[in-house]
Asker: 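Take this structure, written in structure tokens, and hold onto it; I'll ask about it next.
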Amino acid sequence: MSASTVRRFLFEGLDIRGAVVHLGDAWQQMQVDRNYQPTVAQLLGETAAVTALIAGQLKQPGRLTLQLRGNGPIQLLVMDCNEQLQMRGMARSNPVVLPAPVPELLGAQQGGQLMMSLDLPDARQPYQSYVPMVGDSIAAIFEHYLEQSEQQPSRLFASASPQAAACLFLQKMPEADQHDPDGWQRISHLASTVKPAELLELDAEALLGRLFHEEIASRGIRLYDPSPIVYHCPEDWTKVRDMIRSLGRADAETILAQHGEILIRDDICNHDYRFSAEDVARLFDETIH
């Protein structure tokens, strides 16, 4: 499986920055035992690549969560990533999802929203923002979001396959026009020629060389070291046991009487936690002692 990285770059002398995200192993691990419809997997993969891009800008410990939620055939796309680029995510959809325009798939016109949540250790509660889904693709939706939130012209291109998910990001910085009045237009035009296969199959250096060869030859580009991205969804039995203890023994035993076990489902990590009557009895006996 190929590596998963985000690699930032800066066009020397143009004041235009960008990044290339490539998810290989992290994206493949996220799909294990999920049985996503191909259309669902593609949109989730593109969302994963964009989430890694945005989380890669975190300057302090924190957890970024991006949610696309609506009433279309795909009801939910959610991605969660911390400043160490440890990520996880999931989709919720109808059993059968046929290809259709992205706004229709996500129910964008029926009140669909993009939610961004940033949870910082020293904050009392997460910072959250909600914006409409504007755009005919995952890349366009997030491009609009980034332009609104960062107040700078941005371009975003994303693609996904079962093997990989990737995105290319560009942003015009405040001094760009003073360096070269036509620079942003040239770079944007060249970037718009990118093909899905190039995004998915080329590493950052080869991709940038393919798209911006003349610009790099004449002005140069600063390519920063890659930052690794990992799929991170460990089981957390301690947290689940604490949840059951918080129910209290009486309520826990009522659930056991009705269902024969206590089953706690972790959707985002695709884990099931099962507790038998003996497990629950042991749990509360330990609490007493």
Side-chain angles (χ1 to χ4, degrees), residues 6 19 21 23 27 30 36 39-94 97 100-160 165 167-172 229 232-233 265-269:
V6 57
V21 174
L23 301 179
W27 168 231
M30 208 177 296
Y36 290 131
T39 300
V40 177
Q42 180 177 345
L43 299 195
L44 184 66
E46 292 174 2
T47 303
V50 176
T51 302
L53 165 80
I54 300 173
Q57 300 183 50
L58 291 174
K59 301 292 192 296
Q60 57 181 315
R63 181 169 293 280
L64 173 76
T65 303
L66 294 174
Q67 269 188 28
L68 294 162
R69 185 183 290 272
N71 297 313
I74 301 174
Q75 293 88 39
L76 177 68
L77 299 173
V78 59
M79 277 291 154
D80 183 289
C81 190
N82 63 18
E83 84 288 349
Q84 297 177 56
L85 298 179
Q86 297 172 325
M87 70 184 312
R88 58 190 181 177
M90 58 162 283
R92 187 174 296 137
S93 70
N94 294 349
V97 180
V102 169
E104 185 179 318
L105 289 169
L106 297 175
Q109 276 79 40
Q110 291 80 46
Q113 286 186 318
L114 165 60
M115 185 275 285
M116 189 280 283
S117 173
L118 182 58
D119 193 1
L120 300 172
D122 55 353
R124 289 186 179 179
Q125 57 189 30
Y127 165 78
Q128 293 185 335
S129 65
Y130 295 84
V131 296
M133 288 188 248
V134 179
D136 60 1
S137 66
I138 293 293
I141 290 168
F142 281 104
E143 183 179 294
H144 177 262
Y145 168 76
L146 288 166
E147 284 197 342
Q148 297 296 308
S149 64
E150 302 191 5
Q151 300 295 303
Q152 297 293 339
S154 304
R155 296 302 313 273
L156 189 61
F157 307 88
S159 190
C167 71
L168 167 66
F169 172 68
L170 294 165
Q171 190 168 66
K172 179 183 180 183
I229 304 163
H232 185 71
C233 245
R265 172 73 181 159
D266 179 358
D267 281 335
I268 196 166
C269 284

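FYI, side chains are in, hydrogens and waters are out, and symmetry mates aren't considered; it's all heavy atoms of this structure. Predicted model only: the values in this text are computed from it and were never measured.
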Asker: Could you tell me which non-hydrogen atom of G45 sits nearest to which non-hydrogen atom of A165, and how far apart they are?
Answerer: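 The pair with the smallest heavy-atom distance is O-CB, 3.3 Å.
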
Asker: Measuring from atom CD of E143 to atom CG of L156, what distance do you get when rounded to the nearest 0.5 angstrom?
Answerer: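 Spacing of CD (E143) from CG (L156) equals 6.5 Å.
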
Asker: Distance from L85 atom CG to L58 atom CG, nearest 0.5 Å?
Answerer: 8.0 Å

Asker: Looking only at non-hydrogen atoms, find the nearest pair between A91 and V40 and report the distance.
Answerer: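 Heavy atoms of A91 and V40 come nearest at CB-CG1, 3.5 Å.
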
Asker: Kindly write out the residues that satisfy side-chain contact (heavy atoms from CB on, under 4.5 Å) with P153, not counting sequence neighbours, or none if the list is empty.
Answerer: E147, K172, W184

Asker: Could you grab the distance from atom CE of M90 to atom CG of D267, nearest 0.5 Å is fine?
Answerer: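 The distance works out to 5.0 Å.
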
Asker: Only pairs under 3.5 Å count here: list side-chain donor-acceptor contacts from residues 72-80, not counting sequence neighbours, and write none if there are none.
Answerer:
| unit_1 | atom_1 | unit_2 | atom_2 | d |
| --- | --- | --- | --- | --- |
| Q75 | NE2 | G72 | O | 3.0 |
| Q75 | NE2 | P73 | O | 3.2 |
| Q75 | NE2 | N94 | OD1 | 2.8 |
| D80 | OD1 | R63 | NH1 | 2.2 |
| D80 | OD1 | R88 | NE | 3.4 |
| D80 | OD2 | T65 | OG1 | 3.1 |

Asker: Between CG of L44 and CE of M30, what distance do you get to the nearest 0.5 Å?
Answerer: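 Rounded to the nearest 0.5 Å, the CG-CE separation comes to 7.0 Å.
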
Asker: Looking at every heavy atom in both A19 and L53, which two are closest together, and how far apart are they?
Answerer: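 Minimum heavy-atom separation between A19 and L53: CB-CD1, 3.5 Å.
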
Asker: If you look at every heavy atom in I141 and G135, which pair is closest and at what distance?
Answerer: CG1-O, 3.9 Å

Asker: Run the numbers on Q60 and E83 for side-chain contact (heavy atoms from CB on, under 4.5 Å), then give the verdict.
Answerer: CA-CA 7 Å; Q60 57 181 315; E83 84 288 349; over 6 Å; no

Asker: Among residues two or more places apart or on two chains, list those pairs meeting side chain to side chain donor-acceptor pair (under 3.5 Å) that have a residue in residues 39-56.
Answerer: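 Those involving residues 39-56 are Q42-E46.
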
Asker: How long is the gap from CD on Q57 to CG on L64, to the nearest 0.5 Å?
Answerer: 10.0 Å

Asker: If you look only at pairs with a residue in residues 120-133, which of them pass as a salt bridge (Lys or Arg N to Asp or Glu O under 4.0 Å), with sequence neighbours excluded?
Answerer: none

Asker: Could you name each residue pair satisfying side chain to side chain donor-acceptor pair (under 3.5 Å) that touches residues 127-142, not counting sequence neighbours?
Answerer: Q128-Y130

Asker: Determine all donor-acceptor pairs shorter than 3.5 Å in which one atom belongs to a side chain in residues 104-118; sequence neighbours excluded.
Answerer:
none

Asker: Go through the steps for L68 and L66 under the test side-chain contact (heavy atoms from CB on, under 4.5 Å), then give the verdict.
Answerer: CA-CA 7 Å; L68 294 162; L66 294 174; over 6 Å; no

Asker: Distance from F142 atom CZ to C167 atom SG, nearest 0.5 Å?
Answerer: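 SG of C167 is found 10.0 Å from CZ of F142.
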
Asker: Could you pull out the closest heavy-atom pair between F169 and S154, with the gap in Å?
Answerer: CE1-CB, 3.9 Å

